Structures are given as C-alpha cells and as structure tokens.
Amino acid sequence: MRILFVASEALPYTKTGGLADVIEALPKALVKLGHEVAVFLPRYRGVKANTVVMPSMTIPQGGRLRFPAITNGSLLHGVRYFFLDDPFYFDREGIYGDRKHEYPDNAERFTEFSRAAIEMTKHIWPPDIIHCHDWQTAMVPVLLHSSYADDPLVKDLPVVFTVHNMGYHGIFPKEALERAGIPPAVFHPGGVEFFGSVNFLKGGLVYSDYLTTVSRKYAQEIQTSEFGFGLEGVVRSRADRLVGILNGVDYSSWCPEKDALLPMKYSARNLAGKRVCKQALFEEFLLLHDNPNRPVLGIVSRFADQKGFDLIAEIAHELLQEDILLAVLGSGDRRYEELFRALAGDFPGRVGVKIAYDNRIAHLVEAGSDMFLMPSRYEPCGLNQIYSLRYGTVPIVRATGGLDDTIEEFNLQHGTGTGFKFTEYTGAAFLEAIRQALHHYSDDGVWKRIQLNGMAKDFSWNTSAAEYEKLYEAARAARTQKAVPSSN
Ligand code: ADP
Ligand code: GLC
C-alpha cells in the first residue's frame with residue numbers, strides 16, 4: 001500500500017509533543033511491514049529542504065490565489081518526506097504561535113497545508129490512503145468531501161483521521177471560512193459548524209472514513225461529556241468507525257541499553273549505569289547528593305492543564321515532608337512554570353527545576369529518577385510513562401486514557417504489575433499512590449521486582465502498526481463497496 005501521512009509536526013524535523021514521536025515512528029514501522037510511506041509536513045523555520053519538487057501550486061484563499069511550493073527532505077529509514085514551502089505562513093518563530101498567543105491566521109495556514117496535501121497526491125505522490133492527524137490536518141477530509149468531490153483523481157481517496165488530543169479543536173470565527181478558502185456548504189451543524197464557529201476537529205470527525213485515537217480507553221472516554229470537550233455526540237455518532245490503537249515506542253531512541261545521551265548505559269541485567277545516571281541527575285538539577293538512595297521523583301512534560309499539575313500544587317508541601325527529591329523538566333503554561341520555580345525556591349536542593357525543552361535532559365530524567373509522575377487530568381496515550389518502564393523508573397499515574405492502558409498496578413502478593421495508579425482526581429488520591437510507591441521503594445527486593453516487570457514490557461510499534469494496516473485495508477474496502485452500484 002502507498003500511505004501518505006499528513007501532520008503538523010514530526011521528528012527529526014519539528015517537535016512540540018508526542019505527536020512528533022508518533023509521526024516519526026509509525027511510518028518507519030509501516031515501511032518495515034512492506035508499505036511505501038511518505039510524510040507531508042509544513043517547512044517551519046530552520047528545517048532544511050533538499051530540492052524543489054513543485055515550484056508553484058495554486059491555492060485559493062479569500063478571493064486571492066496563493067502560490068506555495070513543495071520541496072522534499074531526505075529519505076529516512078525508507079520514509080519519504082515532503083514539505084509545504086510557504087515562508088509567509090511557516091517561517092516564523094513558533095509552530096502554532098509565539099510565546100504569548102496562537103497565530104491569528106492558523107485557519108488559513110493549516111487549510112493551505114491541507115489543500116496542498118491533496119494537490120500533492122494529485123501531482124506528485126498518489127497514495128492509496130491518507131492518514132491525517134489532529135485538527136491542523138482536518139481540512140483534508142473536509143475539502144475532499146466538498147471542493148474535490150467531483151475530482152476523479154481524488155474523490156475516492158479514503159482518509160483515516162487520528163485524534164491525538166480532543167482538547168485542541170482549532171476553533172475560528174465564521175469569517176475564517178472565507179479567508180481560508182473553505183466552501184461555505186460545509187458550514188452547518190452536521191458539518192464544521194460548532195455553535196456558530198468553525199471547528200476544524202469536528203470536520204475531521206465528520207468527514208473521515210475511519211477515526212482512530214491513541215489508546216483503547218481514550219476511545220471510550222471521548223464518547224463521554226467528561227472527555228469529549230463538547231464533541232462527544234459527534235464521536236458517538238461515528239462509534240462504528242472509531243478504533244483505539246495504542247501508540248508504540250521507538251526503542252531505537254528510548255532504550256537505556258543503547259541510549260547515547262546517557263552518561264552510562266544500562267540494562268535489566270545490570271542496573272549499575274542507572275545509579276551513575278542518578279548521580280548525573282543530582283548534578284544537573286543541583287539536588288542534594290549526600291544520600292544516593294534518597295528517592296528521586298521525575299517529571300518531563302509540556303506544562304498544560306491536561307497534565308494535572310494543579311494536583312502537584314495541592315500536595316507539594318505535604319509531599320516534601322517525605323525524604324524525597326523532585327526533578328522537573330518542562331515548559332509551557334506560565335502558571336505552571338511559576339509554580340515549579342516557586343517550589344525550587346522554597347526547597348533548594350530538594351526540588352530541581354529546568355524550564356526548558358531539552359531532549360538530552362529528558363533522557364536523563366527518565367534514566368536517573370526512581371519514579372516518574374504523570375497525574376494527568378486526561379491522557380490520550382502518553383509516551384513518557386512507557387519510556388519510564390523501559391528505564392526501570394516506576395510510573396505513578398492517574399488511571400485515565402493511555403496511562404490506564406499501559407500501567408498495571410503493582411500487586412505485592414503476586415509480584416505482578418509495573419507501577420502505581422490512582423483514579424479520583426484529587427491531591428489526596430495522588431499522595432496516597434506516591435506513598436504506596438515510597439513504601440515499596442524501601443524494600444530493595446520488592447522495588448527491583450517492579451522495575452524488572454516494567455523493563456520486560458514490550459510496547460514496540462510492531463503490533464500497533466499491524467492494527468493500522470488492517471484499518472487502512474478496511475477503509476479502502478469500504479470505499480470500493482460504496483463504489484459498486486447496488487443490484488436492487
Ligand atoms: P504530549 O504529547 O501530550 O505532550 P506525550 O507523553 O505523548 O505527551 O509526549 C511528550 C513527548 O515530548 C515525549 O517524547 C517527551 O519526552 C517530550 N517532552 C515533553 N516535554 C519535554 C521537555 N521539556 N523537554 C524535552 N522533551 C520533552
Ligand atoms: C497527544 C497526547 C498524548 C499522546 C500524543 C501522541 O499530544 O496528549 O497523550 O501520547 O498526542 O499520540
């Protein structure tokens with residue numbers, strides 16, 4: 001099969017979150033299964049292109065025409081990369097916005113990107129299926145269904161749409177339709193309209209052939225008002241076309257045996273290197289290192305409401321009465337940056353904070369910590385807790401979405417389980433889970449059992465890539481059946 005991925009970020013080019021990890025690893029895994037895969041991305045500032053493959057394409061927007069180019073990147077691990085090349089829209093300081101605001105022309109930027117993806121399939125790289133990700137690419141199925149409905153080259157092209165996060169809709173005022181060049185015919189309550197505004201994510205949910213999200217549990221959750229952000233009814237109406245497929249992990253990047261970013265590598269057979277990493281973590285975060293056995297709790301995260309840091313704020317002072325250290329790496333919402341800075345000020349040597357986006361330090365926190373905290377309010381999949389498992393760093397997570405699907409509660413009697421979970425979204429429940437973990441940490445034998453249970457888990461992409469493959473086949477088959485005229 002020829003599969004075209006359309007996404008707003010992907011490693012090794014651009015990353016703000018887990019989406020970029022997925023758009024690097026899943027195409028690679030599909031190539032291994034024997035498919036031809038290309039990835040289409042915007043060329044953001046700093047991304048180098050190789051050659052121009054299409055110097056000018058025509059994109060209508062708001063009564064004007066725009067003429068972006070298509071360039072290409074290298075062939076990496078058998079995956080081809082193409083870029084939408086439009087410096088006016090994409091050669092900017094940020095990807096979705098600057099430090100303070102989202103860019104006001106995001107509707108135009110990502111509609112042009114989606115239209116260009118369709119034009120690319122016509123002129124450069126015709127696929128059997130398009131796989132779109134999140135609201136930034138939702139105009140692909142919307143435009144295929146409207147502007148391109150009569151185009152013989154693309155009208156039967158099936159689209160699979162993956163929701164990585166229901167919390168981001170891409171909502172714009174009605175006037176954005178005209179400015180972005182979206183046909184007004186799709187602006188109705190059964191289309192992209194959402195309480196008088198244009199909702200990109202809704203368009204993706206309504207007009208795609210199949211929908212997926214990134215864990216089984218989250219596929220259930222987004223059908224409820226607690227997790228659907230107002231679109232739960234739309235998701236429910238498409239439940240027969242919705243599948244939860246758990247993200248995998250690219251163990252060539254996230255495995256302590258091969259991790260070149262660590263001061264010393266280690267494995268389940270010999271954990272000596274983990275102690276060296278812990279020492280380096282002490283130094284990096286200026287933490288007390290008089291007692292190498294004192295437990296370190298690590299955090300690596302985007303600072304966003306989703307991630308549950310209000311619970312940390314609630315329990316921090318009580319938690320720090322325990323003999324523990326906290327190492328926090330993250331950036332994003334100012335409120336949480338200030339929260340963690342203040343904690344570091346109140347507890348020098350006990351709370352170490354780096355307000356930064358830094359891949360090397362992210363690897364060091366995964367390796368050097370004893371426990372990893374993810375108290376998310378909601379979590380579609382979550383990758384860090386899965387990385388933690390492989391690094392022998394025991395996750396303490398809220399039992400939601402992918403966190404619940406990937407972490408198994410430790411059971412002392414049977415010696416099974418990989419971490420600690422809490423369900424109620426309260427500081428008390430979170431604290432109780434941490435105390436459980438600390439209790440078991442004090443017994444070396446028990447703790448090693450939990451670490452080894454986690455390190456033995458395999459969340460590589462093989463299984464999930466095969467599930468996507470099946471889904472692509474189903475999406476193609478559904479289109480073929482539709483194209484056959486019925487006999488009665
Ligand atoms: P989300 O996509 O919601 O942010 P995930 O757990 O799926 O959450 O993925 C987050 C990814 O981003 C992981 O690869 C993680 O290591 C990385 N990451 C998050 N914050 C930082 C940071 N401050 N520095 C480096 N990497 C980070
Ligand atoms: C989103 C989600 C995260 C998920 C990632 C990749 O950013 O917040 O849970 O792991 O996408 O699918």
Side-chain angles (χ1 to χ4, degrees), residues 5 7-12 14-26 95-96 131-137 161-168 201 212-219 221-222 227 229 244-251 253-255 259 261 284-285 298-309 327-333 336-337 340 352-367 369 372-391 393 395 397-398 400-407 459 461 464 468:
F5 274 66
S8 57
E9 54 181 274
L11 285 171
T14 310
K15 167 166 167 174
T16 68
L19 172 66
D21 300 52
V22 172
I23 307 302
E24 179 184 41
L26 176 55
I95 293 180
Y96 307 120
H131 189 167
C132 294
H133 300 265
D134 280 350
W135 73 262
Q136 292 86 353
T137 65
F161 184 82
T162 296
V163 179
H164 292 264
N165 198 324
M166 279 297 276
Y168 299 86
L201 182 63
T212 79
T213 188
V214 288
S215 67
R216 270 187 228 290
K217 177 140 186 184
Y218 196 59
E221 289 174 339
I222 58 176
F227 296 95
F229 290 93
I245 303 178
L246 193 70
N247 285 334
V249 164
D250 187 347
Y251 287 121
S253 303
W254 291 97
C255 173
D259 196 331
L261 297 172
E284 185 81 51
F285 282 83
I299 291 176
V300 177
S301 189
R302 281 187 300 123
F303 288 160
D305 287 337
Q306 167 195 352
K307 301 291 177 180
F309 295 124
V328 183
L329 169 66
S331 61
D333 195 321
Y336 301 119
E337 294 189 358
F340 285 116
V353 173
K354 297 254 174 209
I355 305 296
Y357 186 91
D358 187 311
N359 191 39
R360 181 190 64 80
I361 303 179
H363 282 248
L364 186 62
V365 176
E366 288 288 359
S369 304
F372 195 88
L373 304 182
M374 282 182 83
S376 305
R377 185 183 286 277
Y378 74 91
E379 195 62 70
C381 177
L383 295 171
N384 282 305
Q385 84 282 9
I386 317 182
Y387 301 154
S388 300
L389 290 176
R390 186 49 68 97
Y391 283 79
T393 301
V397 304
R398 175 142 185 272
T400 183
L403 296 175
D404 200 24
D405 284 356
T406 52
I407 304 304
F459 286 97
W461 269 102
S464 301
Y468 277 110

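No experiment lies behind these values; they were computed from the predicted model shown. Because only heavy atoms are used, hydrogens play no part in the values below, and waters and symmetry mates are left out as well, while side chains stay in. Both counts, for ligands and for their atoms, begin at 1 and track the order of listing.
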Quick check: [X] and ligand 2, any N/O pair under 3.5 Å apart?
| X | answer |
| --- | --- |
| Val214 | no |
| Gly18 | no |
| Lys307 | no |

Enumerated ligand 2 atoms positioned under 4.0 Å from heavy atoms of [X]:
| X | value |
| --- | --- |
| Gln306 | 8 (O) |
| Gly382 | 3 (C), 4 (C), 9 (O), 10 (O) |
| Val22 | 6 (C), 12 (O) |

Worksheet item: Heavy-atom contacts under 4.0 Å between Asn165 and ligand 2: side chain, backbone, both, or neither?
Response: side chain
Discussion item. Below 4.0 Å, non-hydrogen atoms only: which portion of Asn247 touches ligand 2? Side chain, backbone, both or neither.
Written reply: side chain
Under 3.5 Å, is there a donor on one side chain and an acceptor on the other for [X] and [Y]?
| X | Y | answer |
| --- | --- | --- |
| Thr162 | Thr212 | yes |
| Asn165 | Tyr378 | yes |
| Gln306 | Ser376 | no |

Discussion item. For Phe5 and His131, take the angle between the two ring planes, folded into 0 to 90°, and tell me which bin it lands in: parallel under 30, tilted 30 to 60, perpendicular over 60.
Written reply: tilted
Item to complete: Apply side chain to side chain contact (heavy atoms under 4.5 Å, CB included) to Leu383 and list each qualifying residue two or more places apart in sequence or on a separate chain.
Response: Asp21, Asn247, Tyr387
Practice prompt. Please identify each residue that fulfils side chain to side chain donor-acceptor pair (under 3.5 Å) with Tyr468, with sequence neighbours left out.
Written response: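 Tyr468: no side chain to side chain donor-acceptor pair (under 3.5 Å) contacts found.
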Worksheet item: By side chain to side chain donor-acceptor pair (under 3.5 Å), which residues pair with Thr400, not counting sequence neighbours?
Response: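 For Thr400 the side chain to side chain donor-acceptor pair (under 3.5 Å) partners, ignoring immediate neighbours, are Glu221.
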Please tabulate, one line per pair, the protein N or O atoms found under 3.5 Å from any N or O atom of ligand 1, giving the distance to one decimal.
residue	atom	partner	partner atom	Å
ligand 1	2 (O)	Gly18	N	2.6
ligand 1	3 (O)	Arg302	NH2	2.8
ligand 1	3 (O)	Lys307	NZ	2.8
ligand 1	4 (O)	Arg302	NE	2.7
ligand 1	6 (O)	Leu383	N	2.8
ligand 1	7 (O)	Leu383	N	3.4
ligand 1	8 (O)	Lys307	NZ	3.2
ligand 1	9 (O)	Gly18	N	3.2
ligand 1	14 (O)	Lys15	NZ	2.8
ligand 1	14 (O)	Asp21	OD2	3.0
ligand 1	16 (O)	Asn384	OD1	3.1
ligand 1	23 (N)	Ala356	O	2.8
ligand 1	24 (N)	Asp358	N	3.0

Discussion item. Taking Lys217 first and then Asp405, would you say they form a salt bridge - that is, a charged N and a carboxylate O separated by under 4.0 Å?
Written reply: no
